[in-house]
Amino acid sequence: MKRTLYQTLLKWKTDTSRKPLMLYGARQVGKTYLLKEFGRNEFENTVYINCYKNAEVETLFRDNADISRILLGLSAIAEQDIIPGKTFLIMDEAQDIPEVVASLKYFCEDMPELHVAVAGSLLGVLNMTGISFPTGKVDIMHLHPMTFIEFIDALGETRKKDLLENEGTQDLVNAILPKYTELLRQYYFVGGMPEAILEFIHSKSPEKVRKIQTDILAAYDADISKHAGAQTQRARMVFESIPSQLARENKKFVFGAVRKGARAADFEIAIQWLVDAGLVYKVNRVSKAAIPLNFYKDSNVFKLFLLDVGLLGAMSNTPPSIMLIGNNIFEEFKGAFTENFVLTQIMPEPGCVVAYYSKENSSVEVDFIVQAANHVLPIEVKAEDNVKSKSLRQFVTIDNSGKDMHGYRFSMKGFAEQDWMSNIPLFAVSPFIQRLNNGLS
């Protein structure tokens, strides 16, 4: 399956100031597959080392940080030569041996010509103790679940993908809107976890896909137990509350919905742990839509979203039939799935900052405010056919009149333009944001 991040890896490979790569991401987002595929296609040979419960590797890295000695040992373990410029060295599950992460400093300084990549979950790296993180000595990339664009490409719908990614094809996209809607319905159910997508492609079995999703959620729960320490129970409570929080009309995170009488101080560490681990996305409220957006964030008011819309369906036990048949999934649940979907399409785009806007003592709320390159985008998300945008209109034309601001509505409708707002189909969110972020629109 093709991943958008592959192109970023190609740039990393040829960059003369390249450093060892750390590829982060939650469990099961496809880190190992992507790196192996990249090595197979772009290098003469790939040496893959799995650090999980690997006593040989642990001993090798804990002796000392001499890179020549380490490479000799890795060559012996893998029974392959490691040749700078020709070999791609992958060290997977690096969080199990913290010294592997620390050694990247010496790979950077003593062997910069060797292409080295470390893959792992933030869950473990965040909990490394007694080891110095190689700050400034690594290039960091983050792999997210597959976007809708990657999903339809994996399904073999390459022409439909190309239509969405190319400008000047909006009329053609509008002409086949129902076909995109059907694919979007499938994505809401399957989500972006590669194993679930592969199962859907091979079997088209909702039961088997849902089984994979519940297994992934069980693995996350086990990881929380393993790594969250004193925050384990609170992290679980927050994580499990997300579907009900998103189902509310006002999706602002409410601590009392996690535990009666709870305060921010009780759960703020657990929430930050989940965010750092990549399991949830935290979207803060802002008081102003201006660059830099981070200047105007209110750290005390926020929404929490799940990393994947398919996992949200599994967590909430939403029946596959509701998600795959008809438009119920778009119209019900107060847009919970749709807002979560939109956010997961924006987050993989590097450098984007995402927030939301609401006014105290007012019904005006803008679902997302996104900073993409030098653009600030006020965005309203509509999950149903009723696409009146009162809050967005007031925000753009009244509250920010004279600021040359343009609004955007992501909805089930096709591409359309108004003087103050553009409508973007939900399934086109990812390429739309990508074009803006890259200065192509």
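Heavy atoms only: backbone and side chains are in, while hydrogens, waters and symmetry mates are out.
- A salt bridge is absent between E240 and R236: the closest approach of a Lys/Arg side-chain nitrogen to an acidic carboxylate oxygen does not fall below 4.0 angstrom.
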Evaluate ring pair (Phe, Tyr, Trp, His ring centres under 6.0 Å) for F189 paired with F200, printing each intermediate quantity in order.
CA-CA 10 Å; F189 170 66; F200 183 72; 7.1 Å; no

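- Remark: side-chain polar atoms of D308 are paired, donor with acceptor, to backbone N or O of L311 under 3.5 angstrom.
- Counting heavy-atom neighbours within 6.0 Å of K297 NZ, excluding the residue itself, gives a total above 12.
- The shortest side-chain heavy-atom distance between V396 and P378 falls under the 4.5 Å cut-off.
- Ring geometry, F305 versus F368: the interplanar angle falls from 30° to 60°, so the pair is classed tilted.
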Validation: residues 261-268 side-chain donor-acceptor distances under 3.5 Å, sequence neighbours left out:
| from | atom 1 | to | atom 2 | distance (Å) |
| --- | --- | --- | --- | --- |
| D266 | OD2 | R263 | N | 2.9 |

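- The environment of K13 atom NZ is dense: over 12 non-hydrogen atoms of other residues, nucleotides or ligands sit within 6.0 angstrom.
- Checking E42 against Y6 by side-chain atom types alone, a donor-acceptor pair falls below 3.5 Å.
- A tilted orientation is assigned to the rings of F395 and Y357, their planes being inclined by 30° to 60°.
- Once rounded to the nearest 0.5 Å, the distance linking CD of Q434 with CG of L164 reads 11.5 Å.
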Please report the C-alpha distance between F253 and S241 in whole Å, then the side-chain angles of each, then the deciding distance to 0.1 Å, and finally whether the side chain to side chain contact (heavy atoms under 4.5 Å, CB included) criterion is met.
CA-CA 10 Å; F253 190 83; S241 79; 3.8 Å; yes

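- Note: F38 and F43 meet the aromatic proximity criterion, with ring centroids under 6.0 Å apart.
- If you take CG on L392 and OG1 on T397, they are separated by 8.5 Å, rounding to the nearest 0.5 Å.
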Show your working on side chain to side chain contact (heavy atoms under 4.5 Å, CB included) between F302 and N284 and close with a plain yes or no.
CA-CA 4 Å; F302 56 89; N284 289 87; 3.9 Å; yes

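- For Y187 and F341, the distance between ring centers is under 6.0 angstrom.
- K282 NZ: more than 12 foreign heavy atoms inside a 6.0 Å radius.
- When every heavy atom of A219 is checked against every heavy atom of R27, the shortest pair comes out as CB-CD, 3.5 Å.
- Taking the side chain as every heavy atom from C-beta outward, R210 and T214 approach each other to under 4.5 Å.
- Judged by distance alone, the side chain of Y33 and the main-chain N or O of M1 form a donor-acceptor pair under 3.5 Å.
- For the pair Q28 (side chain) and E195 (backbone), a donor-acceptor distance under 3.5 Å is absent.
- Residues passing the side-chain hydrogen bond (donor to acceptor under 3.5 Å, both in side chains) test with E56, sequence neighbours excluded: none.
- Salt bridge absent: E182 and K179 never bring a charged side-chain N and a carboxylate O closer than 4.0 Å.
- Considering CG of L279 and CG of L274, their distance stands at 6.0 Å, rounded to 0.5 Å.
- Between R435 atom CZ and E167 atom CD the span is 5.0 Å, to the nearest 0.5 Å.
- Using the six-membered ring where Trp is involved, F427 and Y180 have ring planes that are parallel, under 30° apart on the 30 and 60° scheme.
- Atoms CG and CD, from L163 and Q170 in turn, are 11.5 Å apart once rounded to the nearest 0.5 Å.
- H144 and T344 are not linked by any side-chain donor-acceptor pair at a separation below 3.5 angstrom, with hydrogens and angles left out of the test.
- Checking Q272 against D276 by side-chain atom types alone, a donor-acceptor pair falls below 3.5 Å.
- F151 places a side-chain heavy atom less than 4.5 Å from the side chain of Q186.
- Within the 4.5 Å cutoff, the side chain of F415 has heavy atoms near those of the I424 side chain.
- At distances below 3.5 Å, at least one donor-acceptor pair connects side-chain atoms of N437 with backbone N or O atoms of P350.
- No option in K390, K303, K359, R285 other than K303 meets the salt bridge (charged side-chain N to carboxylate O under 4.0 Å, His left out) test with E365.
- The pair K211-D215 meets the salt-bridge criterion, since a charged nitrogen lies less than 4.0 angstrom from a carboxylate oxygen.
- Counting only heavy atoms from C-beta outward, the side chains of L35 and F88 approach each other to under 4.5 Å.
- Remark: Y52 OH is loosely packed, at most 12 non-hydrogen atoms of other residues, nucleotides or ligands lying under 6.0 Å away.
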